[in-house]
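Letters A, B, ... are given to chains in the order of the sequence lines, protein chains preceding strands, and every chain is numbered from 1.
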Amino acid sequence: MTSLRSEVRVLYRPKVEKMEKKYPLEILRHSASHIMAQAVGRIYKNVLYGIGPAIEDGFYYDFDLPRPVTIEELEQISKEMENIIKEDHPFEKIIMKKDEAIKFFREKGQIYKVELLEEIPDEEVSLYKDGEFIDLCRGPHIERTSHLKHFKLLDIAGAYWKGNEKNKMLTRIYGTAFDTKEELKKYLNFLEEAKKRDHRKTGKHLFAIFPEIGAGLVLWKPDGATLFNIIEEFWKEQHLKNGYKLVRTPHIASEEIYKISGHLQNYAELMYSSMDIEGKPYRVKPMNCPGHIMLYASELHSYRDLPLRFAELGTVYRFEKSGVLHGLLRVRGFTIDDAHIFISDEQIEDEIINVFNFTMEILKTFGFEDFKIYIATKPEKFVGDEKSWELAEESLKKAVMKKGVEFEIDEGGGAFYGPKIDVKIKDAIGRFWQCSTIQFDFNLPHRFSIFYIDSNGKKKTPYMIHRAIFGSLERFIGMLTEHYSANFPLWLSPKQIAVLSITDDCVPFAENVYKLLFEKGVRVEKDFTNTSLNKKIRENILKHIPYLAIIGKNEVKEKTVMLRDKKKNIGKFKAEELASAFLMAQEKKMKTLENLDKLRILK
RNA sequence: GCCGGUGUAGCUCAGAGGUAGAGCAGCUGAUUCGUAAUCAGCAGGUCGGGGGUUCAAAUCCCCCCGCCGGCUCCA
């Protein structure tokens, strides 16, 4: 299965080539889950059935089984499903009085179905029957079991009944189904591809996590730290250019501050326990906001100072249950590219546009082109007055509409302290990742009683925007690694070029070339080992180095280098000119070297 | 945390009661090579940890730990 089901929304929709599609995928998959449940019922004794819906890329069914299912048994279940398909049962709808249905399932001992029924408000309910299998179900279904043709069982997992960890854990079997064999195959290939790109595999040269140091705590290897630093530098430079002030706040703070911010009351479970410093309790910071607000509060502000933008690459620590940790994508210590912007009410819309543009500009530099924008509105539990909410929600919508960008409304999905814009980024194989978030906060400015002096000399509470573009550097780098399969664009590549010698005679000149590139600031490696050229090429390509400079007798004589990328020779160049091409690529954040034609000596 | 799976050399993996293995990486030597693996030799292990069964355990049983896939949660 694709990892991080909730993190990565797989929106895989293959093109329909032949128009013999009979049913919407949801119906097909939902029916497949019935057939799977039926097969499980035939193979195992005393199966209790939970629920079996269609999901984004397939279906599942939850069972309470007397013994665990092994992955090998999926094949057996699949075979039984094939039998049921061959038997060609029609799906029949049965309408029953709710009481009757309860009685029916109670007699069969199907306690989960009874529980579901008891929650249904309607008088009548529908059941679906195919062959011997009868299930409570809203429907609709495919007409006959034989209409299911292309399915695959994928995985087994535990899942709490009704998703509540206090309930019993059931056995969940995942599968998927498509209209055609080709579509199914494509999807399975997609899963394969996602597996191949797993940053924990392709990013082994970037980072490591040691149980001895602690789960969810990342150690950056030189390559990873280089990448991290390049991103950091770019981020800082862009923020300074765009009117942000860079600040820094400490990693621990007195509990007092978290009482004021409300974190201690609302977020205690994700904070690490307190430590005693001279009799006072302190905490490791889970968020950067309190520090930034204190910085705001430490000086008197005029309306002329607004918008005031504080930014910090702030490393925070949050407790996450061990089972949810996942490479760089879910960790316990991470660096938020955080900013808190203090504005007056009339600045809301402009500033949102400002932040939105800035976010898009930054993400595009990293090679992302497709996004999904969500505006999350007022949830059931909220703070602040209705008027502020309305103003903020409207400003968010207006700002996004002004940009002419499509967006979806995530009704009630806002934070309790304000509405937000979430940006999901589409990666190279079509997965969407949530990274950027632009949030309004009605809560903290009041809790900290911060204010500015307006044009009438009166104190006013500013609005606050909390935003992050990468979200967390760790997660962003994890996602980048999967997006590029660790073959990063040139400007991000921790190693940009390797100088290779063909024979030992070439080493002195090659060494000079290496030194020149190194001194100019190119991220250059050298490989003067005494092995075949073929081997050196192979090894350096496998190290994700995008360019190789090969130096043999001819190059020494001509005082040139033969440049090649991962695929083929590009041509011969003078080392000085190559250095400036690299520096220009770095400056312009380029994916590859460009304008080489002018510099090339010969092909 | 919960359910399931899994753990053998730095890495990828084989071995399923009877002397711990291979490839790559590493080291040493030979080779001096023109666009994705030159050859040979050497070294490398409390088979995740602990306990048990057995004449004998990497292998069977129990407990613990880590990792992986999900659930819940999230940047």
Is A:Ile537 touching bases, backbone alone, or none of the nucleic acid, heavy atoms closer than 4.0 Å? base

Check whether the ring centres of A:Tyr417 and A:Phe442 lie less than 6.0 Å apart, and answer yes or no. no

base_contact_polar (B:C74 base, A:Arg332 side chain, donor-acceptor, <3.5 Å): no

By the Watson-Crick or G-U definition, both distances under 3.5 Å, B:C55 is matched with B:G18

I want to check one thing: is the phosphate of B:C68, taken as OP1 and OP2, less than 4.0 Å away from some side-chain N or O of A:Arg200? yes

Respond yes when some side-chain nitrogen or oxygen of A:Lys204 is under 4.0 Å from OP1 or OP2 of B:A25, and no when none is. no

At 4.0 Å (heavy atoms only), tell me whether A:Val316 reaches a base, stays on the sugar-phosphate, or touches nothing. nothing

Using a cut-off of 4.0 Å on non-hydrogen atoms, how would the nucleic acid contact of A:Asn164 be classed: base, sugar-phosphate, or nothing? nothing

Round to the nearest Å and state the distance from A:Glu555 atom CD to B:U35 atom C1'. 11 Å

Aromatic ring pairing A:Phe366/A:Phe470, orientation class (parallel under 30°, perpendicular over 60°, tilted between): perpendicular

Nearest of B:G66, B:A75, B:U35 to any side-chain atom of A:Val331? B:A75

Rounded to the Å, how far apart are A:Phe210 CZ and B:C65 P? 22 Å

Take atom NZ of A:Lys168 and atom C1' of B:U72, then tell me their distance rounded to the nearest Å. 18 Å

Would you please confirm or rule out a distance under 4.0 Å between OP1 or OP2 of B:C71 and any side-chain N or O of A:Tyr174? yes

Closest-nucleotide ordering on RNA chain B, the 5'-leading residue of A:Met169 and A:Lys420: A:Met169

Taking any heavy-atom pair under 4.0 Å as a contact, classify A:Lys568: base, sugar-phosphate, or nothing. nothing

Counting the benzene-type ring for Trp, do A:His239 and A:Phe358 have ring centres under 6.0 Å apart? yes

Could you state the CD-P distance from A:Glu320 to B:A75, rounded to the nearest angstrom? 9 Å

Kindly indicate whether the side chain of A:Asn534 and the base of B:U35 share any N or O donor-acceptor pair separated by less than 3.5 Å? no

Backbone of A:Leu246 reached by a side-chain donor or acceptor of A:Glu312 within 3.5 Å: no

Expressed as a whole number of Å, how far does the P atom of B:C27 sit from that of B:G44? 16 Å

Atom-pair distance (NZ on A:Lys321; C1' on B:C2), nearest Å: 9 Å

Taking for each residue the nucleotide of RNA chain B with the nearest heavy atom, is it A:Pro211 or A:Ile551 whose nucleotide lies nearer the 5' end? A:Ile551

Complementary nucleotide for B:A25 - Watson-Crick or wobble, under 3.5 Å: none

How long is the line joining CD1 of A:Ile502 and C1' of B:U38, in whole Å? 15 Å

Among B:U35, B:U72, B:G69, which is the nearest nucleotide to the side chain of A:Val324? B:U72

Roughly how far apart, to the nearest Å, are B:A36 and B:G41 at atom C1'? 26 Å

Should B:G34 form a Watson-Crick or G-U wobble pair with both distances under 3.5 Å, which nucleotide is its partner? none

Per atom distances to the A:Lys553 side chain, the nearest of B:C71, B:G34, B:A36 is B:G34

For a quick check of understanding: with a heavy-atom distance under 4.0 Å over all strands, which category does A:Gly552 fall into, base, sugar-phosphate or nothing? base

Name the nucleic acid region contacted by A:Gly471, choosing base, sugar-phosphate or nothing; use a 4.0 angstrom heavy-atom cut-off, strictly under. sugar-phosphate

Could you tell me the separation between the CD1 atom of A:Ile55 and the P atom of B:G70, rounded to a whole number of Å? 11 Å

More than 12 heavy atoms of other residues, nucleotides or ligands under 6.0 Å from NZ of A:Lys566: is that the case? yes

In whole angstrom, what separates A:Lys536's NZ from B:A37's P? 14 Å

Is the distance from OP1 or OP2 of B:C67 to the nearest side-chain N or O of A:His326 less than 4.0 Å? no

Give the ring-plane orientation class for A:Tyr61 versus A:Phe63, where under 30° counts as parallel, over 60° as perpendicular and anything between as tilted. parallel

Write down the partner of B:G45 under the Watson-Crick or G-U wobble criteria, each distance required to be under 3.5 Å. none

Does A:Trp161 offer a backbone N or O that forms a donor-acceptor pair with the side chain of A:Asn167 under 3.5 Å? yes

Base paired to B:C67 (Watson-Crick or G-U; both N/O distances under 3.5 angstrom): B:G5

Which of the following nucleotides, B:U35, B:A36, B:G69, is nearest to the side chain of A:Leu533? B:U35

